[in-house]
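Have a look at the structure below before the remarks.
All values below come from the heavy atoms of this structure, side chains included, with hydrogens, waters and symmetry mates left out. So that the names make sense, note that chain A is the first sequence line, chain B the second, and so on, each numbered from 1.
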Amino acid sequence: MQINQESFNEIKRTILKNRFTKMNEMQKKAIFKVNGPVLILAGAGSGKTTVLVNRIANMLNFGDAYHNNYISEYVTNEDNDYLKSIENSNDYDVERFKDAIKVNSINPWNVLAITFTNKAANELKGRLQSLLGDVALNINAGTFHSVCLKILRREITRLGYSSSFTIYDTDDSVRTIKDCLSDLATDDKMFPPKAMLGEISRSKDAMISPSDYLAQNSEDFRKKVIGNIYTLYQKKLKSSNAVDFDDIICLTVKLLVEFPDVLEHYQNLFKYVLVDEYQDTNHVQYKLVTLLSQRSKNICVVGDDDQSIYKFRGATIENILNFEKEFEDATVIRLEQNYRSTQNILDAANGIIKHNTERKGKNLWTANGVGEKITAYRCPDENSEAQFVANKVTESVENGLKFSDNAVLYRMNAQSANIERYFVKSAIPYRIVGGTKFYERKEIKDILSYLHIIDNPYDIIRLKRIINEPKRGIGDTTVKNVEAIADKLSLPMYEIMKSANDYDLISKKSSSLIDFTNMIEELTELNKTLCLAELLENLMEKANYHAYLKAQGKEGEVRLENIEELKSNLIKYSEENENPTLQGFLEEVSLYTDLDNLNDTEDKVTMMTMHSAKGLEFKNVYVVGMEENIFPSFLSAASDVELQEERRLAYVAVTRAKEHLYITNSAQRMLFGRTSRNMPSRFLKEIPDELVDIIDETVKAYGYSPRPEKAKPVYKPEIEGTVGVSRPVEKAVVDFGVNDTVSHKIFGKGKVKSMTKMSNDTLVEVSFDKVGTKKIMANFAKLEKI
DNA sequence: GCTGGACATTTTTTT
DNA sequence: AATGTCCAGC
């Protein structure tokens, strides 16, 4: 064999590179670096998912062929010639090429790709499938929670749970905590359930067990109480055969830590681990990932420290900042070329984010050109803000864009209502993501609880939720009694109810109780023969839920419609799965969020929080409510760490825009039932002036501009926050009433149509002769009676 | 055990 | 503003 090894490898690499000709050099580097720890710092819009998908494709097809210089002794001169012949061609037989370079490709089932959200997981799976075909189905791709669930279903019996465990969502968990508090006779004012759950969650994240917690905090009275709550909470979960969201991850880690054979099994299975959105991982998740990749060291994490926005739920930015320390000789690859936005938008984003101190530092650039300026719009109230957005959306559609090219982003869901109203007025189709979620509606949670009880009658929380819903004469006292007996005998409540006649304490109520368990038994039988949708119909009748909703009038109608939608979800699930089971459906629902059905193709404007928008992109983006106290949120004002997180959120929001970015803020707005007046957000001021077109509709009316400290240093720069606080508003004299004629400095003469008393002000609706009807706050408008 | 009304509380982001 | 929680009275 007279093959020139060097030139053989050269040619091999050229051919491999040509397969990814659309990728830039950095992206190619990420694709070919298959073995060993790799950190990919991927800026917003830098083609992160494309890189992940192509990297996996390269792994499955060519393994480490690019970097491995080994040449098999079976490589022939003919092979060598074949390589030369296809060096500059894109049209060749891939199998022949693979055979010629004799690569060891990687099995799809040895690849584990973890994402953070279902949406990201679905996108990843979809793109892998379209690139690789059905081979992609064998890749282990999913969210942290879904991956861990698979492991738990197989192994959890080692921890004393049954493998048919159910999953408690946050609401179920809070209810459990409340039960713990009442069992322990603890005051829920001193120990608020949500805060308790937070503390427990943090402990689980740090892998502190209830007994560890008590041992570590034996001195502190308060923490001792919390430790007891934690202990009882965990006991209750276990006796309900339930796990909460945190357990899903931390029980998996526990399995890996305590059972070496389990660890070894999964280390051998998941030889190549990829983690998306690594900046959002918390400590247990980090632990999970490191445990799995400890042996192979083949771990590739992708993330952007500037887009870390989930610290509030335990994500630690340190995971990404410390990756290089954790994994020595890690290869760090920066993807800084942005393919999404204009230079103006990127400059704005860079201008904002550079005010943060804790960051790895990178600078996005693009070849897309400068683009249009950013529009900063300041207006007198939230109605003109909504009107502005509606107008601009309409305008964009008139100019040939689709409604779906527009997205409205806000800090909190409460802000959507007003925009919504104006969209309805302007006949703009829209879709709201998040907010009150479908699976959080009461009727849906109720029906799901019934289904859960059919699946697992020992689930205490779900049982208590529906035992008297609709009313069937089993009140709190009876439930308490059943519970007490169950506790004393260490038997499940459900079993006590079944034999209610045997216990004096509840024998009076035995008929109601046994009716209930009989109903569940019947439904459990039906579940064996009927399909899921039929089961639901039977449930609605037997539980009397249908009649219960029917009796609620109009509201009940809506709820029945929601149940119908649940039914179609059941049907959809049954069609999509080869072996549909009740348990399978319930599990799918547990991990489902509204974000997941976003990828539909309807032409509607998308409205959502900035958090939900991560990973998405739109031609036109409207970031509304860019005001101090709203964004950044007043809750984060005190802490620099939290302000930095808010700033990262601003960075995420701004970088969603491809072509035009609108940022709006309002001099005053109604929120949470009161009128507040806020300064423009500091983030707005961090955007370099020359990138921004300012439209200010408050100058005329109120005499100040959106950038007070630059334009008119009347208000001292150190005064941030609510203007109303630093500059007390004098109460206007309201000496007029409905139908009086009044005059306004700018709008001229008009007739008062209505007056609505607000918390500390009066909303006056005036029909002006020249400008039509306006709504005005009396304290601001200085209306004079004529 | 149930109902309705007063009262309070909460309004960040999510698997 | 909107929803949940508590409590008195039936």
Side-chain angles (χ1 to χ4, degrees), chain A residues 114-121 142-149 167-171 173-175 178 188-189 192-194 198 201 204-205 243-250 277 280-282 284-285 307-315 409-418 433-437 439-442 467-481 508-509 512 587-596 608-614 625 629-637 642 645-646 648-650 652-653 669-676 756 758-759:
Chain A
I114 309 180
T115 63
F116 215 75
T117 61
N118 296 310
K119 189 176 71 63
T143 62
F144 271 100
H145 290 83
S146 71
V147 168
C148 287
L149 265 180
I167 302 161
Y168 274 8
D169 66 15
T170 311
D171 180 62
S173 296
V174 170
R175 282 163 182 263
K178 282 181 182 162
D188 62 355
K189 295 267 172 350
K194 279 213 183 113
S201 179
K204 286 184 177 176
D205 179 22
V243 300
D244 67 15
F245 281 137
D246 299 308
D247 284 336
I248 293 174
I249 316 286
C250 81
E277 304 282 13
D280 288 336
T281 52
N282 62 25
V284 247
Q285 287 164 338
Q307 291 188 70
S308 162
I309 53 174
Y310 287 112
K311 197 181 162 312
F312 70 94
R313 65 171 184 209
L409 307 184
Y410 34 81
R411 180 65 236 270
M412 51 195 169
N413 287 309
Q415 287 170 260
S416 69
N418 202 47
V433 180
T436 331
K437 297 174 189 89
Y439 283 100
E440 283 171 14
R441 290 167 203 271
K442 185 190 177 301
I467 197 167
N468 203 29
E469 196 74 37
K471 304 270 181 286
R472 47 174 74 88
I474 307 174
D476 287 350
T477 323
T478 310
V479 173
K480 282 243 156 59
N481 288 338
K508 260 195 282 179
K509 287 281 163 192
S512 318
E587 178 166 317
E588 197 164 277
V589 165
S590 302
L591 297 182
Y592 172 97
T593 62
D594 278 16
L595 221 52
D596 303 344
M608 62 185 150
T609 64
M610 300 178 202
H611 281 86
S612 309
K614 193 161 73 157
N629 294 325
I630 289 176
F631 189 40
S633 155
F634 63 101
L635 290 162
S636 48
E642 285 180 44
E645 175 137 320
E646 295 277 293
R648 290 193 292 272
L649 187 57
V652 169
R669 76 172 64 235
M670 272 279 266
L671 202 61
F672 307 141
R674 60 186 337 157
T675 308
S676 53
T756 320
M758 299 292 181
S759 50

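Following rounding to the nearest Å, A:Phe634 (CZ) and B:dT13 (P) show an atom-to-atom distance of 11 Å. Rounded to an integer number of Å, the gap from NZ of A:Lys194 to P of C:dT5 is 9 Å. Separating the CD atom of A:Glu469 from the C1' atom of B:dT3 is a distance of 14 Å, rounded to the nearest angstrom. Rounded to a whole Å, the CG atom of A:Asp246 is 9 Å from the C1' atom of B:dT15. Computed from coordinates, the A:His611 NE2 to B:dT15 P distance equals 11 Å when rounded to whole Å. Put simply, NZ on A:Lys119 is 12 Å from P on B:dT14, counting in whole angstrom units. Distance, A:Glu277 CD to B:dT15 C1': 13 Å, rounded to whole Å. One atom, CG of A:Asn282, and another, P of B:dT15, lie 14 Å apart when rounded to the nearest Å.
Under 4.0 angstrom from either OP1 or OP2 of B:dT14 there lies at least one side-chain N or O belonging to A:Ser612.
Closest to the side chain of A:Thr477, out of B:dT3, B:dT15, B:dG1, is B:dG1. Among the nucleotides B:dG1, B:dT14, B:dT15, the one closest to any side-chain atom of A:Thr143 is B:dT15. Across B:dT15, B:dC2, B:dT13, the shortest atom-to-atom separation from the side chain of A:Asn468 is found for B:dC2. Picking from B:dT13, B:dC2, B:dT15 the nucleotide with the shortest atom distance to the side chain of A:Asn413 gives B:dT13.
Within the 4.5 Å cutoff, no side-chain heavy atoms of A:Glu277 are placed close to those of A:Tyr310.
Side-chain N or O atoms of A:Asn629 include none that pairs as donor or acceptor with a backbone N or O of A:Phe634 at under 3.5 Å. Using a distance-only test at 3.5 Å, with no hydrogens or angles considered, a donor-acceptor pair links the side chain of A:Glu646 to the main chain of A:Ser633. Distance alone, capped at 3.5 Å, places no donor-acceptor pair between the A:Arg669 side chain and the A:Ser676 backbone. Between the side chain of A:Glu645 and the backbone N or O of A:Lys311 there is at least one donor-acceptor pair closer than 3.5 Å.
Looking at heavy-atom distances under 4.0 Å, A:Phe144 makes no contact with the nucleic acid at all. Residue-level contact check: A:Lys178 touches the backbone only, with heavy atoms under 4.0 Å from sugar-phosphate atoms and none from bases. Using a 4.0 Å heavy-atom distance criterion, A:Ser590 is classed as making no nucleic acid contact. Backbone-only contact: A:Thr478 has heavy atoms under 4.0 Å from sugar-phosphate atoms and none from a base.
The residue among A:Gly475 and A:Phe116 whose nearest nucleotide of DNA chain B is located toward the 5' end is A:Gly475. Residue order along DNA chain B, read from the 5' end via each residue's closest nucleotide, puts A:Lys509 first among A:Thr609 and A:Lys509.
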